[in-house]
> 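The structure that follows is given in the form of structure tokens.
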Amino acid sequence: MNALAARTNTTPGTAQGPPPRRRIALVPTVTLLLGALYCLLPVAWVVIAATKSGRELFSTFTFLPGSGFADNLRDLNTYRDGVYWRWMGNSALYAGLGALLSTAVSACGGYALAVYRFRGRETVFNILLAGVLMPPVILAVPQYLLLAEADLTDSYVSVLLPLVLSPYGVYLSRIYATAAVPADVVEAGRMDGAGEWRIFTRVALPMMVPGLVTVFLFQFVAVWNNFLLPYIMLSDDEKFPITLGLYTLLEQGANTPALYTLVITGAFLAVVPLIALFLVVQRFWSLDLLSGAVKS
């Protein structure tokens, strides 16, 4: 009997039942697949439509690739002496510099709210939470009026300045600093004679890098896709970001249908920097919370 039990990998006295079946959660899986399809379908349409000429765009099957991508690129490069790339450069400036400044402010504010104890700390944090819930459209007109009083409208500063403070960035930074920066490490730095700024830059900031990368990415994407603020602040199309520039092309396309191919090709190229940025910064999310402090 022992030999039989060994051959069947069972022990005497135990019931031999059917093997447990691996259950597949069909409803969540199908829901996620439908959500992914919903998000990726417009992107697939833009990629395919960018390959079509003006004639193919309105006469061929929607998801059938065309043969006019090279011509579309050439027309986009030559349109108004390459103003499209001027818009791309403006977007890179607004999004890159704006995200850097916003991340720096968020890091300082989030660290201060997480580490220091002072009167009114929770009130300040609650006000920031209220700012997270505030729709940007409500703030756009007051921001315009304030900057108009300072004679800063229709300038690069008028787009960059309102982006420096991000309530959502400060909120994320505080949550991450609370989890990533142990109070014992801060106290040890103080006992070693380090100043508060040195503790923040040399000890706490490396610990917060993965969270700050997330804040930077969120801010970069938000500023890159921002339309309302530049639309209100700017009148000189040489300062337009890519979103506002493509909007002006789309408006002209009502009278000149040939511009539709330029708008679609330009929209496709405008997505490429966001994908590249995501691929570059995603490796920072795998860093251990304390790896930066160990290296420093």
Side-chain angles (χ1 to χ4, degrees), residues 32 35 38-39 91-148 150 152-153 156-183 186 200 204-205 207-234 241-244 271 273-274 277-278 281-282 284-285 287 289:
L32 290 176
Y38 176 80
C39 295
S91 287
L93 174 65
Y94 295 138
L97 184 58
L100 281 174
L101 294 175
S102 179
T103 303
V105 172
S106 298
C108 295
Y111 173 79
L113 289 172
V115 173
Y116 299 118
R117 303 292 185 268
F118 55 90
R119 181 177 299 177
R121 185 182 69 155
E122 293 303 322
T123 302
V124 173
F125 186 65
N126 291 333
I127 293 175
L128 285 172
L129 288 180
V132 173
L133 303 176
M134 189 74 65
V137 66
I138 296 179
L139 302 176
V141 174
Q143 288 170 347
Y144 173 80
L145 296 176
L146 289 173
L147 292 174
L152 292 176
T153 56
Y156 291 103
V157 177
S158 63
V159 179
L160 284 172
L161 194 58
L163 304 174
V164 172
L165 178 60
S166 170
Y168 187 61
V170 177
Y171 168 76
L172 286 181
S173 297
R174 185 207 172 166
I175 298 301
Y176 197 86
T178 302
V181 183
V186 177
F200 171 65
L205 201 59
M207 296 179 180
M208 296 171 61
V209 165
L212 296 181
V213 168
T214 304
V215 173
F216 175 84
L217 183 61
F218 283 172
Q219 277 299 104
F220 189 95
V221 174
V223 177
W224 185 274
N225 294 328
N226 194 7
F227 171 80
L228 180 63
L229 185 64
Y231 181 75
I232 293 176
M233 294 293 183
L234 302 175
I242 191 63
T243 51
L244 193 53
V271 177
L274 299 180
L277 176 66
F278 178 81
V281 304
Q282 67 172 346
F284 290 97
W285 292 329
L287 294 177
L289 295 179

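Quick note: residue numbers are just sequence positions, from 1.
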> If you define the side chain from C-beta out and look only at heavy atoms, does anything of L160 sit under 4.5 Å from L101?
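When only atoms from C-beta onward are counted, L101 and L160 do not touch, as no gap falls below 4.5 Å.
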> Around atom OH of Y116, are there more than 12 heavy atoms of other residues, nucleotides or ligands at under 6.0 Å?
yes
> What closest approach, in Å, do A107 and S173 show between heavy atoms, and which atom pair accounts for it?
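That closest heavy-atom pairing would be N-OG, 3.9 Å.
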> Hey, is the main chain of L147 close enough, under 3.5 Å, to the side chain of T153 for a donor-acceptor pair?
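It does not hold such a pair.
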> For I138, which residues count as a side-chain contact (heavy atoms from CB on, under 4.5 Å) partner, sequence neighbours excluded?
M134, P135
> For the residue pair F200 and Y111, does the interplanar ring angle fall in the parallel (under 30°), tilted (30 to 60°) or perpendicular (over 60°) class?
tilted
> For V271, enumerate each residue passing the side-chain contact (heavy atoms from CB on, under 4.5 Å) test, keeping only those at least two apart in sequence or located in another chain.
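For V271, the residues satisfying side-chain contact (heavy atoms from CB on, under 4.5 Å) (neighbours in sequence not counted) are I275.
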> What I'd like to find out is whether the side chain of F216 reaches to under 4.5 Å of the side chain of L277, using heavy atoms alone.
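With C-beta onward as the side chain, the pair touches.
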> Check side-chain contact (heavy atoms from CB on, under 4.5 Å) between L228 and all other residues, then give those that pass, not counting sequence neighbours.
V137, A140, I232
> Quick one: does S102's side chain have a donor or acceptor within less than 3.5 Å of a partner on G98's backbone?
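Side chain of S102 to backbone of G98, a donor-acceptor pair under 3.5 Å: no, none is there.
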> If you count the non-hydrogen atoms of other residues, nucleotides and ligands that lie under 6.0 Å from CZ in R119, is the total more than 12?
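Check fails, neighbour count at 12 or below.
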> Heavy atoms only: give me the nearest L139-P142 pair and the separation to one decimal.
O-CD, 3.3 Å
> Kindly assign one of parallel, tilted or perpendicular to the pair F227 and Y231, based on the angle between their ring planes and the thresholds 30° and 60°.
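If you compare the ring of F227 with that of Y231, the planes turn out parallel.
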> Quick one: pull up CD in Q219 and CG in L212 and give me the separation to the nearest 0.5 Å.
12.0 Å
> Determine the minimum heavy-atom distance between V181 and M208, stating which atoms define it.
CG2-CG, 3.9 Å
> Among residues at least two apart in sequence or on other chains, which ones pass side-chain contact (heavy atoms from CB on, under 4.5 Å) with V221?
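side-chain contact (heavy atoms from CB on, under 4.5 Å) list for V221, sorted by chain: L217, N225, L274.
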> Is the closest side-chain heavy-atom distance between F218 and L172 below 4.5 Å?
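F218 vs L172: side chains touch.
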> Testing the basics here: between P210 and Y176, what is the closest heavy-atom pair and its distance to 0.1 Å?
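Looks like CB-OH, 3.2 Å.
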> Give a yes or no answer on whether the side chain of N126 reaches the backbone of E122 with a donor-acceptor pair at less than 3.5 Å.
yes
> Nearest 0.5 Å, please: how far is OH in Y94 from CG in L234?
5.0 Å
> Just jot down the side-chain hydrogen bond (donor to acceptor under 3.5 Å, both in side chains) partners of S158, sequence neighbours excluded, or say none.
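In terms of side-chain hydrogen bond (donor to acceptor under 3.5 Å, both in side chains), with neighbours along the sequence ignored, S158 is linked to no residue.
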> Could you measure the distance from the CG atom of L205 to the CE atom of M207? Nearest 0.5 Å is fine.
11.0 Å
> Considering all heavy atoms of both residues, which atom of S106 and which atom of S166 are nearest to each other, and what is their separation?
OG-O, 4.0 Å
> Apply side chain to side chain contact (heavy atoms under 4.5 Å, CB included) to the pair L165 and V170, showing each step before the final yes or no.
CA-CA 8 Å; L165 178 60; V170 177; 4.2 Å; yes
> For residues L229 and Q143, report the shortest heavy-atom separation together with the two atoms involved.
CD1-OE1, 3.7 Å
> Tell me the ring-ring contact (aromatic ring centres under 6.0 Å, His included) pairs involving residues 117-138, sequence neighbours left out?
F125-Y171
